[in-house]
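Take a look at the structure set out below.
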Amino acid sequence: MEALIALSIGVLTACGVYLALRGRTFPMVLGLTFLSYAVNLFLFSMGRLGIGQPPVIRAAATAYADPVPQALVLTAIVIGFAMTAFVIVLALKARAELGNDHVDGLDES
Amino acid sequence: MKMLPHPLLTPILAAIWLLLNNSLAPGHIVLGLLLGWAIPLFTVHYWPEAVHIHKPLTLLRFMAVVLLDIVLANLVVARLILGRPQSLHPAFLKVPLELRSDLAIGLLANTICLTPGTVSARLSLDRRFLLVHALNAPDGGAVIATIKQRYEAPLKEVFEPC
Amino acid sequence: MNHLAIAPLLLPLLAGILLLLIRHRGIFPRRLLSVAAVLGQIGLALLLTGALSGGDILVYHLGNWPAPFGIVLVADALAAWMLLATALLALFALLYACQGGDARGRHFHVLFQLQLFGLNGAFLTGDLFNLFVFFEVLLLASYGLILHGGGRARVRAGLHYVVLNLAGSALFLIAVGTLFGVFGTLNMADLARKVASTPPSELGLARAAGLLLFAVFALKAALLPLYLWLPAAYAHTSAPVAALFAIMTKVGVYAIVRVYSLIFGAEAGPLAHLIEPWLLPMALATLLVGMLGVLAATALRRQVAYLVIASVGSLLTAFALDSVAGIAAGLYYLPHSVFAAAALFLLADVIARRRGATADHLESAPAIAQAALLGGLFFVATMQMIGLPPLSGFLGKFLLLRAALAHPAAAWVMAAVLLGGLMGMIALARSGSVLFFRTLPAMDQEGRSDTPVPSPPTPLMKPLPFGTPGGEGSVLPVAAALVPVVGLLLLGLLMTIFAGPIQAHVASIAEQLSRPYLYVHAVLGVRP
Amino acid sequence: MLTLVIPIAFALLGAAVALSVWRLLRGPSAPDRILALDTLYVNTIALLVLLGIHLGSALYFEAALLIAMMGFVGTVALCKYLLRGDIIE
Amino acid sequence: MNLLLAVLTPFLGAILVAWVSRFGRSHAAWAAGGVALAALVWLLPLVSAPFAGATLVQRIAWMPAAGLDLAFRLDGLGLLFAGLILGIGLLVILYARYYLSERDSMGRLYAYLLLFMGAMLGVVLSENLIQLLMFWELTSLSSFLLIAYWREREQARQGARMALAVTGAGGLALLGGILLLGEITGSYELSVVLASGDVIRAHPLYLPTLVLVLLGAFTKSAQFPFHFWLPHAMAAPTPVSAYLHSATMVKAGVFLLARLFPALSGTPEWTWLVGGVGLLTLLIGAFTALFKHDLKGLLAYSTISHLGLITLLFGIGTPLAAVAGVFHIINHAIFKASLFMAAGIIDHETGTRDMRRINGLWQFMPYTATLAMVAAAAMAGVPLVNGFLSKEMFFAEAVGMATQMRLGWLLPVAVTVAGIFAVAYSLRFVHDVFFNGQPIDLPRTPHEPPRWMKVPVEVLVLLCLLVGIFPAQTVEPILAVAAASVLQGPLPRHDLAIWHGFSPALWMSVIALVGGVLLYGARRPLYAWHARYEEYLDARLVYDALLRALLAFARGVTRLFDAGSLQRMLFLFLSFALLLGWIGWRGGAAALTGPRALLPVDGVSLLAACALIAASIAVVALHRRRFTALVLIGVVGLVVSLIFVKFSAPDLALTQLSVEVVTVVLLLLALYFLPQHTPAESHPMRRSRDAVLSLLVGGGVGALAWAVLTRPYTSMGDYFLANSVSGGGGGNVVNVILVDFRGFDTLGEITVLALAGLAIYAMLEKLRLDGPLNDAEGRAWNRDMHPAIMASFTRLLLPLALLVSLFILLRGHNQPGGGFIAGLVTAVALIMQYLANGVEWTHSRLPGNMHPIIATGLAIATLTGLGSLLLGYPFLTSTFGHLHWPLVGDFELASAMAFDLGVYLVVVGATLQILIHLGLLHGKTGDALTFGKGGLQ
Amino acid sequence: MLEYLLSFLILAGALFTFIGSLGLARLRDFYTRLHGPTKATTLGVGCMLIASSVYFSNRGAGMSLHEVLVTLFLFITAPISAHLLAKAALHLKLESLAPPPDDDPANS
Ligand code: NA
Ligand code: NA
């Protein structure tokens with residue numbers, strides 16, 4: 001299972017990097033979104049993987065997942081959301097100010 | 001502002017609250033009622049119109065019919081999906097509407113979607129026709145008739161009795 | 001319970017919230033509140049400095065949870081020093097902004113205060129993930145500020161700045177995550193303790209994480225080759241924001257100093273001196289490439305931006321020497337370079353507004369009003385910035401070179417610093433000469449096809465009343481506009497006059513930094 | 001009995017997921033993809049509920065509820081985009 | 001403190017004079033003169049000490065720990081120079097009053113002059129070498145201002161910048177040299193350094209130290225090959241030249257040689273470097289001077305030559321040579337200052353400095369001509385004038401040196417040749433200007449200058465004669481003390497007599513005089529010959545080429561990096577991170593895979609991972625079809641949530657799901673205003689390059705994750721699990737961490753969210769965009785803005801959704817949920833209304849202004865944290881308790897829940913703020929709408 | 001008995017869900033594909049949710065009826081989704097096996 005998760009993180013990162021390196025704002029934003037997924041999963045996996053043992057205190061439970069990475073990821077998700085929202089709006093602003101959606105404001109095509 | 005804008009909504013929300021919490025504890029009942037009272041106060045402006053249910057029994061019967069039809073519909077659709085796709089006779093049907101209120105039309109459209117092989121595809125801008133797509137309707141007229149009689153009529157009774 | 005450590009965070013946060021609540025009120029009360037909050041922060045920074053003068057380290061357990069489980073704020077001498085520099089800088093940037101720039105877009109003061117919240121938090125926190133959070137706070141506030149007012153070039157530069165920093169934040173999380181995954185803690189003191197006894201099987205991971213973290217901080221600090229976001233961003237944002245941003249690169253520098261002296265410092269066992277082979281060459285290269293940028297720049301603001309890059313190079317050179325004297329030199333140089341760069345940014349704006357369409361481009365334009373005064377200030381500010389005697393820039397450079405002599409790479413340091421100084425001098429002599437000497441006759445409109453057409457002379461030059469929002473091209477009343485500039489230069493002058501006591505103070509900070517166990521002991525109550 | 005049924009059910013749901021993903025990737029039209037995504041959401045709800053039964057944990061309920069809600073909003077937004085471009089107007 | 005005051009007086013005086021000058025030109029002159037006199041007055045009480053052989057040191061602590069104090073020193077050398085600086089300074093001030101035209105700003109010139117005077121005094125009176133360097137650099141800076149005084153002249157600006165660049169560079173080298181001196185001797189104090197000559201000379205750093213110090217001295221004193229700036233500095237007003245280039249600025253370099261003579265001299269390196277450079281400069285200066293048609297150009301090269309002479313003397317290094325060097329410093333200052341002033345008078349009177357046009361001025365200004373001729377005689381080294389004496393000593397030293405080394409005879413020959421040229425150019429200065437026929441086409445008709453313009457020249461020429469005729473009575477005392485302080489030891493026997501008998505030096509003088517006359521006689525063919533090569537002989541060409549190369553290099557490097565390309569920046573950043581990560585990992589030498597037991601793979605998980613990977617790759621492959629990519633991303637978000645669910649993180653799954661849908665809505669809003677397709681613009685090379693980097697980075701991060709996942713784990717999580725209920729009052733440990741253990745993170749996080757809301761609002765405020773009229777395929781949009789069925793049902797769903805969000809909020813402390821998720825659900829429920837019913841409809845029901853909600857949320861969260869301060873606990877300390885309400889039963893209340901409420905409000909406010917204002921972006925709707933009281937703020 | 005009921009519900013749920021997705025994959029135009037998920041899947045999930053309700057209600061921790069809520073929600077939203085999808089498809093004039101409806105501008 002760990003290999004699957006590592007692979008997924010790797011694929012998400014690779015896709016994110018490739019898209020973030022594109023020259024237009026929209027694919028770039030998609031790339032950043034991918035990176036955000038990858039990073040969240042990565043951070044989450046730092047607490048190792050466990051099935052069926054959520055960190056909610058119950059009388060019957062014997063083992064719990066580590067709550068710390070989960071709390072960190074939650075923070076990271078929300079911050080990532082704020083950043084994504086900002087960069088999306090900025091892309092629009094750039095489109096309006098620069099006249100095209102190239103990340104450098106130059107229309108090469 | 002009315003203190004109880006939607007008298008019916010309060011118990012429904014309270015009930016849903018209890019469902020959500022899977023609990024009948026007195027605390028949750030109080031809280032549920034509180035929320036059931038407060039949320040409509042906040043959302044009163046969002047409701048399209050005052051909902052008046054004229055024949056609750058008809059409504060209940062209608063719901064039972066629909067529930068049954070849903071089950072049947074699924075069996076029918078399952079058979080059609082598993083069968084030979086080439087044998088299907090899909091069709092677009094134009095159902096003339098007598099219903100006028102948004103809510104009733106919406107309910108009808110939803111019902112059509114949930115029931116045998118039909119999907120409501122488009123409501124004309126003047127709201128006089130509902131375009132329905134049928135998965136297998138060799139006889140379109142029959143389907144239209146069923147819709148009008150089986151679903152539209154009771155809905156009209158319940159919501160627009162005039 | 002001594003709440004002094006959290007006060008510098010609560011003050012800007014509450015001020016920001018209050019400013020948001022009174023956003024309908026006139027601009028004056030908002031300015032008043034904003035300035036008062038910054039003055040308060042100066043006071044708090046001074047109080048904190050005083051409270052720590054005995055070498056104490058204040059540890060504040062947020063939520064009353066013990067370290068390393070809860071988040072702690074750690075106010076040591078370094079943090080207090082950064083807080084003081086930031087608050088002083090903020091005051092003058094704010095005073096400049098209060099002359100109309102703040103009204104050119106929404107929420108300037110809220111963003112400004114929350115920017116300070118983020119900065120102060122980054123300096124005070126003793127938790128690596130919390131550092132990330134405060135980085136994000138200060139970044140998002142900076143995104144807002146950098147775009148304040150809008151405009152084509154500003155938006156493009158802002159986009160680059162934002163996207164690059166988003167990538168940086170992602171890497172930050174990966175690095176912090178790996179450290180957490182290996183050591184199971186986020187508390188920096190705890191990490192320091194655990195890193196020191198890293199088992200061999202985890203060394204690769206820990207080293208990779210430590211170096212990835214360095215890449216993040218290097219990006220924020222604008223080290224070569226990651227400085228590329230800076231020139232355009234600083235050159236195109238509004239002047240007070242550029243002035244405030246003089247501290248932004250220093251956050252990266254601070255993080256480098258903090259993390260690589262505490263966690264991967266001398267006492268980190270197998271991971272000691274992790275970035276040492278990297279830092280000095282990168283810093284020197286940054287210094288030189290920054291100065292080459294200063295030479296190549298065709299506009300004053302961009303030139304100053306490159307000066308900021310070069311100053312980061314000098315600064316990190318000092319820290320890279322990894323000696324008490326080097327760190328002390330860096331700590332002296334840091335506020336100096338911040339004040340000087342800010343003064344130059346503000347001054348460049350004052351000058352540019354007086355040159356009509358030519359703005360800050362290094363081309364001839366009609367002679368500007370109050371040229372003698374502005375020229376004099378420019379002269380002093382430049383001397384300050386490129387380290388010409390007798391001002392603080394020179395003293396910083398002197399301390400740096402003096403500290404470098406003990407280092408094996410002293411020759412390289414000396415060559416780079418001196419060459420950099422020379423390039424800066426050549427470049428700024430040219431700039432000053434173009435701006436103040438090579439002027440066109442005021443009314444000469446003909447026969448100058450190769451130079452940009454001078455702006456229509458009078459209408460734009462009319463001073464605006466205090467506090468009126470105006471276009472970017474408008475001219476502020478010179479006296480009011482120059483108060484912050486003079487103030488910042490005076491700070492440099494004070495740093496010159498009181499160089500002795502300040503040097504003693506930074507030496508004691510450096511002394512504290514060179515003994516990370518003091519920090520660890522203060523936070524965890526145990527000696528590693 | 002359950003020990004036999006649950007793996008079968010997992011297999012069926014897995015196949016359903018696979019079919020939906022196939023349609024999603026295959027298209028060909030935008031509504032096809034949206035429909036496939038919507039179906040995938042519903043499949044996921046079924047999967048989660050089954051997982052809850054399988055693990056005897058009620059903690060998956062909220063996720064199912066939220067998928068139902070969010071999936072709907074997503075589908076609506078995507079459709080609205082196809083119809084009007086400006087989804088909030 | 002007199003020394004400090006003497007140095008400070010001119011600096012402060014500069015400001016005074018700048019202010020006084022507004023009252024009139026004479027006022028400025030009087031004030032400037034007064035300042036110079038005041039500085040002199042501070043020094044007067046101290047004068048006796050050097051003559052008594054004492055060295056005065058005065059000190060104020062500045063940076064004692066760094067060895068940098070304000071320390072001043074007055075000894076013979078300092079006194080001599082201070083006297084020259086102030087004396088000639090006074091004369092220059094007087095002269096300048098009459099030289100400057102009405103157009104020129106008197107105050108500015110005097111202010112700059114006084115700045116320079118102060119800097120120069122600082123150089124010669126410094127005890128601390130770092131302090132000396134500071135004043136040294138100030139002389140460069142103030143001379144920059146002085147040379148560029150006529151700022152509208154291109155030549156002046158260029159000359160000033162060149163002087164600054166060359167002397168400034170030398171200053172930086174000198175700084176290095178002084179630092180090394182400090183490193184060797186442990187102090188920057190001259191007293192220590194001068195006493196450590198043996199230590200310094202024996203130190204391995206001696207050579208670099210020497211070279212760096214000499215670079216400083218040579219650039220300042222215009223020694224070859226740095227001499228070229230001096231002629232270009234002649235663009236300065238002549239009083240400036242008379243001051244800077246005779247007695248002060250250029251003398252700073254030789255002053256430094258004299259000052260550090262005991263510390264650095266006495267080695268072959270010193271002799272070869274200093275002597276060699278001095279000799280070359282002497283020859284080149286003398287040679288070039290003859291061919292300059294510009295009056296000041298001739299004097300400039302003559303100055304270079306004489307500075308070379310002095311340098312050569314110090315290079316020879318014998319005590320007597322040092323005495324001669326000091327003596328020539330004095331003599332040169334006197335005669336060259338007067339010559340510059342004379343040249344200034346000529347320039348002033350004729351309007352030109354071109355000797356090819358200036359002829360026969362004797363007829364117009366015989367008095368001035370007489371003065372100039374005496375001074376020129378001094379320059380040529382004619383007996384009975386001061387220049388002769390020091391030149392004789394110089395010749396004698398050259399002869400003395402000749403006996404000490406192989407090919408030594410070349411030295412007397414070379415200096416004699418230089419002497420010949422010196423006589424020739426001095427002769428030219430006299431003959432070509434005052435005789436040689438009639439003037440040609442002068443702009444003005446010359447006549448004698450104003451009375452007071454001549455006085456400074458008279459004084460100086462008188463000094464030339466007095467020193468030349470009565471050296472022992474006039475110059476000997478000051479020369480003795482100055483030379484003694486240069487040598488820091490006993491003075492050699494020297495005789496300042498005019499007649500020493502028929503020594504070799506005398507013969508050399510005779511040869512020089514006769515040869516000079518002959519050479520001048522043959523001038524015409526020489527001029528013609530020189531004119532052909534002139535353009536190749538200018539060292540400035542080299543400087544210009546170097547500067548151009550530097551600029552080109554700077555532009556090249558800067559363009560290489562700073563191309564304004566985001567893609568390049570990102571690529572660099574990621575590559576750099578990759579490199580660092582790789583090197584870091586390699587440095588550890590451990591196995592990638594750890595020993596931890598792994599979880600088995602099940603079919604559904606495998607399927608989900610495949611779906612994730614397939615969808616991700618599909619997004620990349622189809623990314624140019626933006627809408628399709630967006631739909632496909634939905635799978636990714638969903639699978640990520642499922643991973644969270646699967647691995648025991650329900651809170652994360654809920655958050656991820658909610659964030660996902662809001663992000664999709666955001667992206668759709670953006671997509672509407674952006675092009676529907678991405679043009680294919682990346683070159684295949686770039687695409688493959690990017691692909692390689694992506695794979696490497698992805699592989700790196702994946703490997704990192706794998707390495708950690710397979711390693712055993714000790715977590716601090718147990719502490720939280722153990723204390724969550726007892727200490728935090730909640731069973732959902734993740735939530736308790738968020739609102740309690742690490743509530744401070746959350747406070748920062750909602751600040752980020754609030755900031756995003758505010759910053760986005762600020763960004764969008766004035767933005768109006770036109771959306772496309774057609775979709776990507778060119779179809780017109782559907783006319784049905786708000787499909788009725790969707791509209792009516794979403795309204796019905798609102799109470800339900802709100803109920804669910806409150807449910808999630810209230811249970812968050814104990815069950816999955818919490819403020820974030822609840823806030824997002826509420827926001828999504830409200831967004832749904834916008835989607836289905838439109839902005840106008842919704843805005844009439846929901847306040848569009850989210851600022852109060854954001855502010856309230858932040859305030860609640862902060863104030864909750866502050867509450868604990870009142871009770872004496874740290875910020876954010878939580879408390880909780882169980883209330884027993886009749887009928888209702890036990891009800892838990894935790895302060896953390898209030899904090900969570902703040903979180904909830906911020907999330908709702910910020911999310912709605914962002915989405916609503918994006919929705920309003922469309923020009924057609926945004927402008928037409930009006931909103932309730934206060935508008936959208 | 002309970003186990004049989006549960007097994008039946010689970011199996012039925014899974015089967016209907018599968019059939020719905022099968023229809024999505026198998027049928028030949030968008031409009032017919034639309035039928036599968038909107039109906040079969042809804043019922044499938046409904047069965048599954050009822051199974052869950054039954055399962056958790058019989059674990060001794062009291063009734064578990066909140067699953068009803070998800071069902072309710074799905075029954076309200078799925079038709080709307082389907083309706084909108086059909087509307088979008090009509091707007092985009094997707095190819096259809098059935099004769100396409102007349103394009104009365106009033107019906108767009
Ligand atoms: Na809109
Ligand atoms: Na002549």
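Note on naming: letters A, B, ... go to the chains in the order of the sequence lines (proteins, then strands), and numbering restarts at 1 for each one.
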**Prompt:** What part of C/L73 is in contact with chain E, defined as an atom under 4.5 angstrom from a non-hydrogen atom: side chain, backbone, both or neither?
**Reply:** side chain
**Message:** Heavy-atom cut-off 4.5 Å, strictly under: side chain, backbone, both or neither for C/D127 against chain E?
**Reply:** side chain
**Asked** What part of C/L10 lies closer than 4.5 angstrom to a heavy atom of chain E: side chain, backbone, both or neither?
**Response** side chain
**Message:** Is the ring pair C/W65/E/F741 parallel, tilted or perpendicular, if the boundaries are 30 and 60 degrees?
**Reply:** tilted
Identify all side-chain donor-acceptor contacts of residues 199-211 of chain C below 3.5 Å with residues at least two apart in sequence or on another chain.
from	atom 1	to	atom 2	distance (Å)
C/E202	OE1	E/R711	NE	3.3
C/E202	OE2	E/R711	NE	3.3
C/R207	NE	E/G584	O	3.2

**Prompt:** What heavy-atom pair brings C/F69 and E/M716 nearest, and what distance separates the two atoms?
**Reply:** CA-CE, 3.7 Å
**Item:** Part of C/M291 lying under 4.5 Å from any heavy atom of chain E
**Value:** neither
**Prompt:** Is it the side chain or the backbone of C/L147 that comes within 4.5 Å of chain E heavy atoms, both, or neither?
**Reply:** side chain
**Request:** I would like to know whether C/Y60 and E/F744 meet ring pair (Phe, Tyr, Trp, His ring centres under 6.0 Å); could you show each step before the answer?
**Result:** CA-CA 12 Å; C/Y60 191 82; E/F744 202 55; 8.6 Å; no
**Asked** Counting N and O atoms only, with roles assigned by atom type, does the side chain of E/W62 sit under 3.5 Å from a partner on the main chain of C/T496, one being a donor and the other an acceptor?
**Response** yes
**Request:** Using non-hydrogen atoms and a 4.5 Å limit, figure out which bit of C/L14 sits close to chain E: side chain, backbone, both or neither.
**Result:** side chain
**Request:** Specify whether E/F576 and C/W278 have parallel, tilted or perpendicular ring planes, treating 30° as the upper limit for parallel and 60° as the lower limit for perpendicular.
**Result:** perpendicular
